[in-house]
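Here is the structure we will look at, set down as structure tokens.
Order of the sequence lines fixes the chain letters, A, B, ..., with proteins taken first and strands second; residue numbering starts at 1 for each chain.
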Number of protein chains: 2
Amino acid sequence: MFDTKNNKNKRIKILEAALYLFSRKGYHRTRMREIAEHAGVGKGTIYEYFESKEDLFTSLIVHLFKALDEYAFQKVKPNMSASMKIKALVTGYLELVENMPREAIMVMTEFWSEGIRNHLKFDFRDMYKKYLRITRKILEEGIKKEEFKETVNVENLSRSLLAFMDGILFHAMLFREEIDLERITEDFLDTVLKGISRR
Amino acid sequence: MFDTKNNKNKRIKILEAALYLFSRKGYHRTRMREIAEHAGVGKGTIYEYFESKEDLFTSLIVHLFKALDEYAFQKVKPNMSASMKIKALVTGYLELVENMPREAIMVMTEFWSEGIRNHLKFDFRDMYKKYLRITRKILEEGIKKEEFKETVNVENLSRSLLAFMDGILFHAMLFREEIDLERITEDFLDTVLKGISRR
DNA sequence: ACATATCGACCGACCAGTCGGTCAAAATTA
DNA sequence: TAATTTTGACCGACTGGTCGGTCGATATGT
């Protein structure tokens, strides 16, 4: 049927317009009318696909997170060493983030700031938990394989890595030109991995 | 004169009310009427002290940043080793942040998200530059004193440390109960310092 | 002809900022 | 000291405009 595809196209178009505008003007400053115009649909049509402005916002976030989810994890291959896996996961995440239109990051930042206050129904802690789980598993595996010291605190370090990823992402946004994201991350991972590797 | 003190009190009262409400409901959801009520003044009075809602918001941020500025840096004493200085700086920052009402962090997060989009006049990149400068200096000193390897990339690592600080702060907000900020930071710094120390 | 999708004019709730008036206290005068 | 004038901090009702969401009309597809 054409219908489904047509619907999907229109839904995507609206999401794209929302991304474009939310990222530039922020959620609260963006008008539904603008989104409609930018998407080339009537304002009422948006409400055929999304219940409300907030629903549109969270749908957009889910949409973006999905891409992130799919991309970064597939970079980690089973035959890699634990160190390689860590590198792959972190750089995969940052790569994605660099390739992703900067717009997406902006929207996510706002989503953080809204989400933290529990103003939104969607709970994105789950996303983090998944990352945490995977990182923990890699670290544990590295310890078991005697690649990392057994004194490594898996829980704490995985949180630190995650924290670094978010932080450096934020800094990249703030200092766009001045920062070489890749080099910084490489340097950082080398340092950390040196710190936890067995001699 | 009594006038000045009275004025100051009222100004502070308004700022406190703004902190209370902005942190809970976010900038856009907070009404000037609410702030006035909470501060125990008339709505019009707010406009005697602040030009606009945005002016009130940025004034609040400046107010908060000042405390941060003064606290964290004084933790670094000249006679410490470079490693100790790094630890002092980072934990000082986090201590401050933990003692600071969580409200303040919330507001700052929103400020980030607004500031990134250049919606506000106040540019808080300067804050970061100061942190960067200090961290760089400590690292350079550590290298010169042969405490750290000379292969350490000062520029990159200082950015990484800063990134970690922001990231972990954000995570602490997200996962309040579940996280032991201090332990994680300690662990992390040990790992990194081990990674850059000469044998 | 019927069903479904689309549209945008319209509505009413909402809100930042204004402005003319009030009044207590400071300054001036007697 | 007491009476009188001046000041400006304070207030909140009001305004002009905004915007999310609705719904009946219209278009499109079957």
Side-chain angles (χ1 to χ4, degrees), chain A residues 1-61 107 110-111 114 117 119-122, chain B residues 1-61 107 110-111 114 117 119-122:
Chain A
M1 265 252 250
F2 236 75
D3 235 26
T4 2
K5 192 171 181 202
N6 229 340
N7 281 352
K8 204 154 205 168
N9 280 342
K10 207 155 269 188
R11 198 186 133 89
I12 296 290
K13 261 186 194 166
I14 295 170
L15 282 172
E16 278 167 357
L19 174 59
Y20 181 85
L21 286 156
F22 283 156
S23 68
R24 258 148 258 255
K25 319 183 51 173
Y27 175 74
H28 292 281
R29 284 181 235 266
T30 299
R31 308 299 152 222
M32 292 303 267
R33 183 181 45 75
E34 296 176 298
I35 296 177
E37 275 167 15
H38 206 268
V41 302
K43 183 148 78 96
T45 307
I46 296 179
Y47 289 87
E48 300 287 329
Y49 295 90
F50 304 94
E51 279 183 10
S52 62
K53 192 183 181 186
E54 185 190 318
D55 181 44
L56 173 56
F57 186 53
T58 46
S59 298
L60 175 60
I61 297 292
V107 174
E110 180 155 31
F111 184 71
E114 290 282 309
R117 257 184 294 271
H119 276 146
L120 306 172
K121 276 145 210 155
F122 177 74
Chain B
M1 266 254 245
F2 238 76
D3 234 27
T4 3
K5 192 168 181 203
N6 231 339
N7 282 350
K8 206 155 204 169
N9 280 343
K10 208 153 266 186
R11 198 187 134 90
I12 295 290
K13 262 187 192 165
I14 295 171
L15 282 173
E16 278 167 358
L19 174 61
Y20 181 85
L21 286 157
F22 283 156
S23 69
R24 258 149 257 256
K25 319 183 51 173
Y27 175 74
H28 293 281
R29 282 182 235 265
T30 298
R31 308 299 152 222
M32 291 302 266
R33 182 182 45 76
E34 296 176 297
I35 295 177
E37 276 166 15
H38 206 269
V41 302
K43 182 146 84 91
T45 307
I46 297 180
Y47 290 88
E48 301 283 333
Y49 295 90
F50 304 94
E51 279 183 10
S52 63
K53 193 182 180 186
E54 186 190 316
D55 181 43
L56 172 57
F57 187 50
T58 47
S59 299
L60 176 60
I61 297 291
V107 174
E110 180 155 32
F111 184 71
E114 290 281 310
R117 258 185 293 273
H119 276 145
L120 306 172
K121 276 146 210 155
F122 179 74

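The side chain of B:Arg31 contributes an N or O atom lying less than 4.0 Å from OP1 or OP2 of C:dA16. Phosphate proximity of D:dC11 to B:Thr45: present, with a side-chain N or O under 4.0 Å from OP1 or OP2. A close approach under 4.0 Å does not occur between any side-chain nitrogen or oxygen of A:Tyr47 and OP1 or OP2 of C:dC7.
As a whole-Å value, the separation of A:Asp55 CG from D:dG21 C1' is 13 Å. Distance NE2 (A:His28) to C1' (D:dC19): 14 Å, rounded to an integer number of Å. At whole-Å resolution of the value, NZ in B:Lys10 and C1' in D:dG8 are 12 Å apart. The separation between B:Tyr27 atom OH and C:dC15 atom P is 14 Å, rounded to whole Å. Between A:Arg11 atom CZ and C:dT6 atom P the separation is 13 Å, expressed in whole Å. Look at CD on B:Glu37: it is 11 Å from C1' on D:dG12, rounded to the nearest Å. What separates CZ of A:Arg29 from C1' of D:dC19 is a distance of 15 Å, to the nearest Å. Protein atom CD1 of B:Ile14 is 11 Å distant from nucleotide atom C1' of D:dC10, rounded to whole Å.
Remark: A:Glu37 CD to A:Lys43 NZ distance equals 10.5 Å, nearest 0.5 Å. To the nearest 0.5 angstrom, B:Glu54 atom CD is 10.5 Å from B:Leu56 atom CG.
Between the side chain of A:Lys43 and the base of D:dG21, a donor-acceptor pair under 3.5 Å is found.
Checking C:dC7, C:dA16, D:dA9 against every side-chain atom of B:Met32, the shortest atom distance belongs to C:dA16. For B:Glu48, whose side chain is taken as the heavy atoms from C-beta onward, the closest listed nucleotide among D:dG21, C:dC7, D:dC10 is D:dC10. When each of C:dG17, D:dA9, D:dG21 is scored by its nearest atom to the side-chain atoms of B:Ser52, the top-ranked nucleotide is C:dG17.
Below 30°, between 30° and 60°, or above 60°: for A:Phe22 and A:Phe57 the angle between ring planes is above 60°, a perpendicular geometry.
The pair A:Glu48-A:Lys10 does not meet the salt-bridge criterion, since no charged nitrogen lies less than 4.0 angstrom from a carboxylate oxygen.
Using a distance-only test at 3.5 Å, with no hydrogens or angles considered, no donor-acceptor pair links the side chain of A:Lys25 to the main chain of A:Arg31.
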